Every structure is written in structure tokens, then in C-alpha cells.
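All values below come from the heavy atoms of this structure, side chains included, with hydrogens, waters and symmetry mates left out. The model shown is predicted, which means the values in this text are computed figures rather than measured ones. Here is how names work: the chains are called A, B, and so on, in the same order as the sequence lines, proteins then strands, and each is numbered from 1.
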Number of protein chains: 2
Amino acid sequence: MPLPSRVTDLTSFDLLRSVAELGSIGRAAQAHGMSQPSASERLRTLEARVGVTLLERTSRGARLTTAGQLVAGWAAQVLERAADLDAGITSLRADRQSHLRIAASLTVAEYLLPAWLIALRSVSPDTATVLSAGNSVHVAEQVLAQKADLGFIESTDVPAGLASRVVAKDELVLVVAPGHPWARRRRVSAAKAAATPLVSRESGSGTRQAWEHALKAAGITESAGPLLDMSSTTAIKAAAIGGIGPAVLSIHTVAADIAARTLVRVEVADVDLHRALRAVWPSGRTPRGPASDLLTIATRSLTDRADRR
Amino acid sequence: MPLPSRVTDLTSFDLLRSVAELGSIGRAAQAHGMSQPSASERLRTLEARVGVTLLERTSRGARLTTAGQLVAGWAAQVLERAADLDAGITSLRADRQSHLRIAASLTVAEYLLPAWLIALRSVSPDTATVLSAGNSVHVAEQVLAQKADLGFIESTDVPAGLASRVVAKDELVLVVAPGHPWARRRRVSAAKAAATPLVSRESGSGTRQAWEHALKAAGITESAGPLLDMSSTTAIKAAAIGGIGPAVLSIHTVAADIAARTLVRVEVADVDLHRALRAVWPSGRTPRGPASDLLTIATRSLTDRADRR
DNA sequence: AGGTGCACATAGGCTGTCCCTATGCCTCTG
DNA sequence: CAGAGGCATAGGGACAGCCTATGTGCACCT
């Protein structure tokens, strides 16, 4: 289901934020490199789309109304995430030669790296980074071949030749749509979970390996093949929400859906689905320079209990 | 500082998400009500902006590349928040008569309500809601005058005539820019904090009242006037980050900035800055219908430890 | 009281983006 | 080998958004 067109253009909301900050439409326009009339009109059409007066215009500037404060606050959340997205995209471009090469598993790259990159930028603004994402085997290869300065993996055991440090905790959860039979029981046996085909990422992905590994540790040797192989976390979530079948995903991915009850978490009895996310580097070759900075930032996020939301 | 234009148009990212979900550009186009060539071109220009191939196009559909999965994942975060924003905006429009009238303080409306509204929509899709935001006095008035079916306040004491239930915890924090003298010490006495002019919301706001109330409880009777009155949380944050001066804000507001070290949290010795956020309704008139549903949803968010991010 | 400056609004004209229809090319399948 | 499904390309048209120039209202100062 597509996003309503009312919120697809972030420019106007960004402009509103600038007005809140600078106290006048003209100065906000200047900050965005546009003319004052353009900004004025944009804000006017934004108000029309929202259907409520957002600004109190006076001859000495502009202030937000109560509704304007709310919209600006909600928009700020979107804009923060958009800044993460932008930081991520920047790290994907491998055009210039960069000072810091990172290899990371998908879970780490998706949920933790953007914030780290933004923090890194405030420490050393001139560090250009390149990100190479793949499964844990890929990451290990890149780091060992010195094609990456620092790696991040989600596998339970550290590949030979690599030193590591835990930088975050993760937990896999089994989720189903609210209408699914398991949703009422909220608990299922390991054997039953293993025997049921799941919607999952393609084999070789860290999440899928961790799931199979955890089942094996619980004494389950045989498990059903996947119900459906999807190409991304997003697609898996959509399939699970649509009721195609149960899915196993990182808690990070589905926390919002569990809170909103679009997905229901089902406990898997006697299976430990916790796992550590680790930074890795070649043994005996301690990271230095930007890689060391990033490692510090990543480690810090584990100790800080100021969970970013 | 304006957001890079690379990420201001969410339509293309939403389209990418649909491709991941549906497995083909054509079907994604259909889901968005646009022609297949338009979608194809949008995705092509998106790839150009990102600078990396996102899709593997075959004659049997399209799949995301690894980079595409990452971008889709990051974009999903933005889109989730955009959905919150849209839900909030919808609740501000008072055009149609609605079944559920809510009055809420700014903190609650900004950080908790959108998610609740989305959850409510999945319970009873036809409930139209209207939100009226203001300080706790305003909320109490609205609820007592039966102009609102349910209210949410952030004040420590419940106004007379209202019954209440705690639905969330909040905590105020004192933050400064990293370059501020207090940033190194990370702790400051209550007297010193009170004697220093702060960047703050205008008087009458719940946050400012709570701060003054907490200082009084700690035995501080005299406090400095504000350094600067700003019109919105966003503006206060920007001023604090810019080094204008210390600010006191809800932990929700600044968690991301503390994690990214753009702001530094400073403990205030011997002052308790915790507070409860409460739902309120007229005594003896227990909420029913949609109001009861919303109350259930809001209460649930306190017990669930699946913190939405 | 009048003038001046500042900030936002309005008008008119232009550019560019985006979307649609029609069509072509490729590949897999029966 | 023919057909169907899926993506790419081409061309034309509509609309949104921006800029410059100018108008309007309010506050403050003399």
C-alpha cells in the first residue's frame, strides 16, 4: 500500500522546520537557497494539504501555531531518518577513493551503521567511507583480504584469523499475522516451528543461518524448507503481515509492528534466539585512524542506554 | 541545514519498496496507480541519484541487489515515520464530524499518539479522530467540558474532577552542546542549573512547568529567567546544538542526539526529573467505545517492552 | 504624526519535471 | 516456433514550482 502523497515531499516539511528554527520565512528561504516568495508559496500549499493553519505570520516574522509545532515535531522524526538514509546512500557510492572501507552484514548495515556514520562524520568530517554489504562469509573475506578496514558480522562464531569485539546485541523473533492460529497461543514448540515452512530470506543470509543454528542447538535436526524466498527484509515483513505465513526476523525489524499489533510475536519454546553482533578486524592488526574511531563509536552504542528512537 | 535533495522525494523509495514486495516493476507501478514506463523511469533516475545499481532486471521480473536491499531497508524506516506523520496530520483535520475527540499535551501528541492512532485504525478502521493539542490546563478544560472524549497530560498532579491512568513514563534531561563547559563535567548542581538562563519553550508549557516544579521540590526557590523563548521543540534543539545555551527537554526528543553526540546530557544533582504521562477522563464516566480502545492501546505500550524505534 | 524598514503576499512568465500512450525488444515457456 | 509477460524507449503534453518585480501591513523611531 503506497504512502499517501500528502507526505511524500519532505522539502516543505524541512522548510517548516527551518522557519521554526530561524523565526522567519525569509531567513528559512535563504537557508534553503530559494527566494522568499517560493518559500511563502510552498508553506501555503503545505498548509492547504494539511488542512490546518501552521504558521502565525506577523510583520516581524513567523511563529508556529500549536498545530505547526506538532507537524514540525512529527516531521522531525521523518527528517532524522531521511538523514540516516542519506548517510547510508553516501557510503554506498564508491566513486571517490575513501579513507575507510567497511564490510558489514545486512542487519548491522540496515539498523546500526547509518547512525554510526553520522556520529563518525561529526568526529572526523573529512573521512569518506565505503560500505560493502554481504553475509558473514563475505565480510570475513573482505577483511582478511584487506579490502575492508573493519567488518561487522552477525554470526555466532568468529572466522579464523579475525579478532573481534561485541558491539550490539540482537534477538531473532518468530512473528505471525494477528489472524494466524499461532497468534492466540503466543507460544509454539521448537519442533513445530521447525516443521513449519517459513517466509524467509534466501539461504546464506545471516538471519537464516542463525535460525537453523539455534534449532540445531535445541536438538532439532530436521526442518522444513522455506515457504517463500524473498529478496529483502521489507518484502518478508509484508508477506508475514499479509498472512502468507510465519517469519523469523531480527527484533529491530519488527519492533514497531509488534507494538502496533500488525504482527504478533510467538515464543519458540526452548530455543535461544539471542545473538551478538561483532566488529571484526585481522588478528594482531589493531584498527587505527578512522577505523578506530568507528570502532569506538560502535562500542559506545552498546554501553549507552540512550536508545535512539 | 537543509536535507540533501537526494532523499526529499519519498515516492521513488516507496516504489522501490513495492518492487521488493511484489517482485516486478510493473506490478509495483500498478500498486501505485501509475504506468509501468513511469515507474521504470523513476527507478532508473533513483539509481542514478544513488549512484549504485539497486535492481536486477530480468525478463521475469525484478529483484533487489544487495545495495537495493540496504536502501530499501533504510527507506522503510523513513516511510514508517512518514506514515506516523500522515496519521498525525489526519487527526488534525477537523473537517468531518468524528467519533473520537482527543486532547493531548505536546509531548504525548508528538511522540506517542501517532503510533497509537495507527494501532487504533487497525482495530476500528472507521473511527475518525480529532486531536486538540495544548498544555495540561487546556486538556483538562476540554475533557471536563466534554469537548474531548479522552485527554493525555504530562503534569504531576491530576486536575480535580478527572480520573486518570498512567500510560507512559517520561524524563526531562538537561543537555548542552559538546563544546559547552558543562559537557566535560557531565554533572552540575541544582543551584547552578537553576541560576543559569536556559533555552526553553514559552512559559505555560508542560516541560517548563515540570522543570520549575522539580527545582522547587529540590529546595530551589529562585531561578533565572529563560535565555531564549522558542516556538517549538525542534527550534530549542537547534539552538542548544548551535551552542546558544543549555536546554531542558524530554528524553524522547534528544535520545538520538545524545547517541550521536551532537548533544551531551548533563546530570542535575539531587533533582528528580522523572514524570508520568497520564490518560484522563471525567470521574465516574468510564471511557467506552473508541475511547476505551485507545486507552487500552495506550496502556499496552507501557507494558510492552518492545520499544518501537 | 509621519516616515522608514522589515517581513510576508501577490502577479506574471517561464522552465523543467513527470506522466501517459504507443511501441519495440528480450526471454522463458508450452 | 509462437505467444505471453516484462522491461526499455520515444514523443508529446500538462502541471507544479521557481524567479523577479512589486504591493501591503505593521512596528518602531524621530
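R63(B) and E21(B) are not joined by a salt bridge, as no carboxylate oxygen comes within less than 4.0 angstrom of a charged side-chain nitrogen. A salt bridge links R57(A) with E47(A); the closest basic N to acidic carboxylate O contact falls under 4.0 Å. Salt-bridge check for E80(B) with R17(B): failed, with every basic side-chain N at 4.0 Å or more from each acidic carboxylate O. At a threshold of 4.0 Å, the pair D9(A)-R42(A) counts as salt-bridged, since one of the basic side-chain nitrogens sits closer than that to a carboxylate oxygen. In summary, D126(B) and R121(B) do not engage in a salt bridge, as defined by a charged side-chain N under 4.0 Å from a carboxylate O.
Remark: S40(B) is in phosphate contact with dA8(D), judged by side-chain N or O atoms under 4.0 Å from OP1 or OP2. Taking 4.0 angstrom as the limit, R57(A) places none of its side-chain polar atoms (N or O) nearer than this to OP1 or OP2 of dA7(C).
Atom C1' of nucleotide dG17(D) and atom NE2 of H32(A) are separated by 16 Å, given to the nearest angstrom. When rounded to the nearest whole Å, the span between CG of L43(B) and P of dG6(D) equals 16 Å. Rounding to whole angstrom units, CD of residue Q30(A) and C1' of dC6(C) are separated by 14 Å. Between R27(A) atom CZ and dC8(C) atom P there is a gap of 8 Å when expressed in whole angstrom units. Between L46(A) atom CG and dA16(D) atom P there is a gap of 16 Å when expressed in whole angstrom units. A straight line from CG of L22(B) to P of dG6(D) spans 12 Å, rounded to a whole angstrom. Between M34(A) atom CE and dC8(C) atom C1' the separation is 16 Å, expressed in whole Å. Per the geometry, CD belonging to E47(A) stands 13 Å off P belonging to dC8(C), to the nearest Å.
With hydrogens and angles left out, the side chain of Q36(A) and the base of dA7(C) share no donor-acceptor pair within 3.5 Å. For dA9(C), its base never sits under 3.5 Å from the side chain of E41(A) at any donor and acceptor pair.
Counting non-hydrogen atoms under 4.0 angstrom, S24(B) reaches the backbone sugars and phosphates but no base. S35(A) comes within 4.0 angstrom of a nucleotide base, judged by non-hydrogen atoms across all strands. Within 4.0 Å (heavy atoms only), G23(A) reaches no atom of the nucleic acid at all.
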Look for any protein N or O under 3.5 Å of an N or O in nucleotides 25-30 of chain D and output each such pair with its distance, or none.
unit_1, atom_1, unit_2, atom_2, d
dC26(D), O4', S59(A), OG, 3.4
dC28(D), OP1, R60(A), NH1, 3.2

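Comparing atom distances between the P37(A) side chain and each of dC8(C), dA21(D), dT21(C) picks out dA21(D) as nearest.
When the nearest nucleotides of DNA chain D are assigned to R42(A) and T58(B) by heavy-atom distance, the more 5′-ward of the two goes with T58(B).
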Test S18(A) against H32(A) for side-chain hydrogen bond (donor to acceptor under 3.5 Å, both in side chains), laying out the working first.
CA-CA 9 Å; S18(A) 292; H32(A) 284 253; 2.8 Å; yes

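A side-chain donor-acceptor contact under 3.5 Å links E154(A) and S105(A).
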